[in-house]
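None of the values given here were measured: they were computed from a predicted structure. Counting convention: from 1, in listed order, for ligands and their atoms alike.
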Amino acid sequence: MFGSHHNNQRRKLCAIGGPQNGARTGTFDSTLSRQAYSSSSIRSISSRAYTNGEMCRNPTEVNMSQIVLPCHANYCGELSAGQLLKWMDSTASERHAGRSCITASVDDIHFITTIGVGQVVNIAAKVNRAFTSSMEAGILVSCEDLFSNRQWKVCHAFATFVAQHTEAGKVQLKQVIPRTQAEQMEYSLAAERRRMRLIHAEIINDLLSSCCSQTVSERLDYQDAVPAERTRVESVELVLPPHANHQVSTFGGQIMAWMENVATISASRLCNAHPTLRSIDMFHFRGPSHIGDRLVLKAIVNNAFKKSMEVGVCAEAYQGGEPLRHINTAFMTFEVLDNDRKPCTLPRIRPEPVDGKRRFQEAIAREKIRLDRKYIISCKQSEVPLSVPWDPCNQMYLSYNNVSALKMLAARNNWVLTSEKNKVSLYTLEENQMLCFKVETHVAVAAEQVFLLLSDLRRRKAWDHHYQECDVITDSDEDDTIYRVVTPSVTKRGKVQDFILLASRRRPCDSGDPYLIALRSVTLPAYPPTEDYNRGEVLCAGFSIWEEENTFTKISYYNQATPGVLPYISTDIAGLSSSFYCTFASCSAFLEENKESLASLPTSTL
Ligand code: COA
């Protein structure tokens with residue numbers, strides 16, 4: 001975020017001081033002691049499973065409880081976000097690997113509430129999934145009021161830790177075995193989140209390069225704007241043993257705390273008030289830092305939106321006369337709250353020439369990504385509108401949403417077997433006024449071949465008479481394709497229906513995973529609904545394909561029935577027809593006929 005100009009004047013503007021002393025004094029619960037959770041989201045981190053009637057605890061789970069003392073708080077008597085980040089990092093690391101780990105990255109964190117002095121912070125962390133040398137930890141922070149016995153959620157974060165290489169090379173971590181439905185869901189979603197974080201930098205770069213051609217000059221002419229130079233902050237910290245693990249690597253949480261400290265000062269300079277940290281964008285620790293390093297921390301306000309501002313913070317390290325090493329860059333969003341805790345309108349910023357204008361422009365692009373990510377990813381599935389407008393910038397998030405919705409549906413364990421015929425089983429799940437169904441069958445065809453044959457929706461006409469027409473509209477990337485599908489009218493004289501479907505394909509992340517083909521509706525400006533067709537919508541549907549033996553494969557088709565789809569299936573569920581059995585019997589026949597054929601993933605024909 002900073003330009004090539006490097007300011008050599010290193011000032012120690014601020015020290016973390018008191019709070020850091022409390023960083024490692026937390027109480028590590030050996031059992032999950034707190035029962036009185038007030039919300040289901042808080043309850044969801046709890047990972048207790050019952051074996052032979054006995055409660056057992058997820059072995060990777062670590063709990064920390066801290067009472068917030070004045071030395072942990074900021075000027076407003078609220079827990080400093082930096083201190084909280086240190087506690088979160090230290091709670092989550094090292095439990096599963098049994099060896100020294102470093103923080104590789106932390107996904108977006110949204111702070112929902114602040115925590116006051118005298119309140120208790122409860123941090124629960126557990127490993128959701130181990131990959132090769134890396135593992136994802138889920139960290140849930142809640143606040144507890146000791147007087148009222150109330151608890152509420154403060155934030156939820158996902159951090160990736162990497163086990164340090166040994167002399168023999170890269171470490172292979174032991175696998176996490178999910179035992180509950182919630183753990184199974186997190187295990188499955190962790191693979192999808194990993195995929196997103198590994199291409200995060202690429203997505204951001206693509207977006208930034210496409211947006212930088214737009215002009216910003218009309219936004220820069222405000223007379224009352226605060227010059228961005230005024231918000232520039234630079235500070236130096238010396239890494240001492242309490243800031244590092246026994247392998248002398250600096251704790252990621254400590255670096256985050258130092259970064260938050262300079263970012264807060266920078267934000268205060270824009271608004272001449274005490275800002276509150278609202279969110280931190282996903283970031284990656286690019287290189288290690290060790291005891292004896294000096295960390296140079298630099299922050300500047302990149303852009304001020306109406307009610308929030310983005311501060312860019314950069315951490316670089318050096319020892320002696322060595323050149324600076326880039327450790328991390330993070331983008332933090334701050335607000336200023338009035339007496340009613342409502343965000344105030346902020347002054348505008350006048351960026352510095354060249355690099356300042358670039359950062360100003362890039363902050364606008366990141367604000368768009370932030371909204372997309374929050375809206376599409378963090379939203380509960382039931383709150384996401386049926387058809388989300390697709391554009392190249394949000395394609396990754398829609399694809400994530402598509403696959404994660406299917407994974408969540410597949411992980412449910414309360415499916416009820418409704419009927420069975422010709423080796424095809426129909427299951428239903430009724431919940432919250434939503435009807436979902438699952439059709440399951442087995443075929444003697446290799447899973448990979450089933451995946452390839454079912455991935456190309458244009459071939460579905462061969463076995464599913466509901467698919468009258470199917471065309472590829474666009475191949476957004478090698479894993480995602482958008483189709484237009486035409487299906488017959490539900491009633492005799494009704495209009496035919498069309499659907500704009502995003503199909504997202506995933507190969508297994510490791511041997512225990514299925515192949516997936518997830519389907520959901522999206523909207524495309526070039527394909528609006530037309531007079532001649534009823535536009536149907538699919539919220540969540542798709543296939544999960546499990547290799548059971550060498551060439552024996554289990555296929556599960558899922559559908560969260562929306563009004564457009566319900567009439568096709570309700571007669572089957574009620575036992576009035578058996579069209580789904582016929583369709584899936586014909587699917588099996590199609591797969592077996594084509595088991596040796598050369599199948600490939602679809603490519604655009606339009
Ligand atoms: N987010 C999450 N995981 C990431 C990642 C990211 N942005 N980048 C890499 N990884 C994972 C890889 O997926 C891989 O996991 P796997 O072994 O389970 O497949 C693991 O990190 C190692 O990847 P590898 O390709 O061998 O190394 P790399 O050159 O990409 O380096 C780090 C990755 C994290 C080791 C490296 O960037 C680093 O050392 N960063 C500094 C970490 C640190 O010191 N943190 C403490 C604060 S300074």
To the nearest 0.5 Å, how far apart are OG1 in T103 and CD in Q254?
11.5 Å
F131 heavy atoms within 4.0 Å reach ligand 1 at atoms 18 (O)
Note the single closest protein heavy atom to atom 19 (O) of ligand 1, along with its residue, its atom name and the distance in Å.
R194 NH2, 2.7 Å
Looking at atom 40 (N) of ligand 1, would you say a protein heavy atom lies below 4.0 Å from it?
yes
Would atom 26 (O) of ligand 1 count as contacted, meaning some protein heavy atom under 4.0 Å?
yes
So is R129 actually on top of Y187's ring, under 6.0 Å and inside 45° of the axis?
yes
Quick check on contacts: which atoms of ligand 1 are under 4.0 angstrom from a heavy atom of T160?
2 (C), 3 (N)
Using distance alone, decide if ligand 1 has a nitrogen or oxygen within less than 3.5 Å of any nitrogen or oxygen in S105.
yes
With a 4.5 Å cut-off on side-chain heavy atoms, are T333 and R370 touching?
yes
re atom 46 (C) of ligand 1, the protein heavy-atom contact at minimum distance is T250 O, 3.6 Å
Measure the distances from the heavy atoms of G287 to every atom of ligand 1 and state whether one is below 4.0 angstrom.
yes
Out of the candidates R506, R195, R507, R505, only one should pair with D479 under the side-chain hydrogen bond (donor to acceptor under 3.5 Å, both in side chains) rule; please name it.
R195
Can S279 and M332 be said to form a side-chain contact (heavy atoms from CB on, under 4.5 Å), step by step?
CA-CA 6 Å; S279 66; M332 303 191 182; over 6 Å; no
Residue pair R197 / D107, side-chain heavy-atom distance below 4.5 Å:
yes
Show me which atoms of ligand 1 lie under 4.0 Å from any heavy atom of S289.
48 (S)
Side-chain touch Q164/V171, heavy atoms, less than 4.5 angstrom
no
Side-chain touch T114/L79, heavy atoms, less than 4.5 angstrom:
no
Please report the C-alpha distance between L295 and S289 in whole Å, then the side-chain angles of each, then the deciding distance to 0.1 Å, and finally whether the side-chain contact (heavy atoms from CB on, under 4.5 Å) criterion is met.
CA-CA 8 Å; L295 281 185; S289 148; 4.1 Å; yes
I'd like to know if K170 contacts ligand 1, where contact means a heavy-atom distance under 4.0 Å to any ligand atom.
yes
Residue and atom name of the nearest protein heavy atom (relative to atom 44 (O) of ligand 1), distance in Å to one decimal:
P288 CA, 3.2 Å
Is atom 16 (P) of ligand 1 near the protein, in the sense that some protein heavy atom lies at less than 4.0 Å from it?
yes
Per-atom contacts of ligand 1 with I255, taking only distances under 4.0 Å to non-hydrogen atoms
47 (C), 48 (S)
Provide, to 0.1 Å, the distance between atom 5 (C) of ligand 1 and the closest protein heavy atom, together with that atom's residue and name.
L198 CD2, 3.5 Å
Cation-pi, F131 ring and R194 (6.0 angstrom, 45 degrees)
yes
Flag atom 31 (O) of ligand 1 as yes if some protein heavy-atom distance to it falls below 4.0 Å, otherwise no.
no
Would you check if F251 and S90 make a side-chain contact, meaning some heavy-atom pair closer than 4.5 Å?
no
Exactly one of R359, K357, R358 clears salt bridge (Lys or Arg N to Asp or Glu O under 4.0 Å) with D355, and that residue is R358
Which of the ligand 1 atoms, numbered from 1, are nearer than 4.0 Å to a heavy atom of V162
20 (C), 21 (O)
Could you please spell out the steps behind the side-chain contact (heavy atoms from CB on, under 4.5 Å) verdict for F158 and R193?
CA-CA 9 Å; F158 296 102; R193 283 189 290 260; 3.5 Å; yes
Measure the distance from atom 22 (C) of ligand 1 to every protein heavy atom, then report the residue, atom name and distance (to 0.1 Å) of the closest one.
S133 OG, 3.8 Å
For atom 36 (C) of ligand 1, the protein heavy atom that lies nearest, with its residue and separation
R286 O, 3.9 Å
Under 4.0 Å from a heavy atom of G252: which atoms of ligand 1 are those, numbered in the order shown and with their elements?
47 (C)
Within the protein, is there a heavy atom lying under 4.0 Å from atom 13 (O) of ligand 1?
yes
Just need the protein heavy atom nearest to atom 35 (C) of ligand 1, so name the residue and atom and give the distance.
I102 CD1, 4.2 Å
Nearest protein heavy atom to atom 45 (N) of ligand 1, by residue and atom, and its distance?
T103 O, 2.8 Å
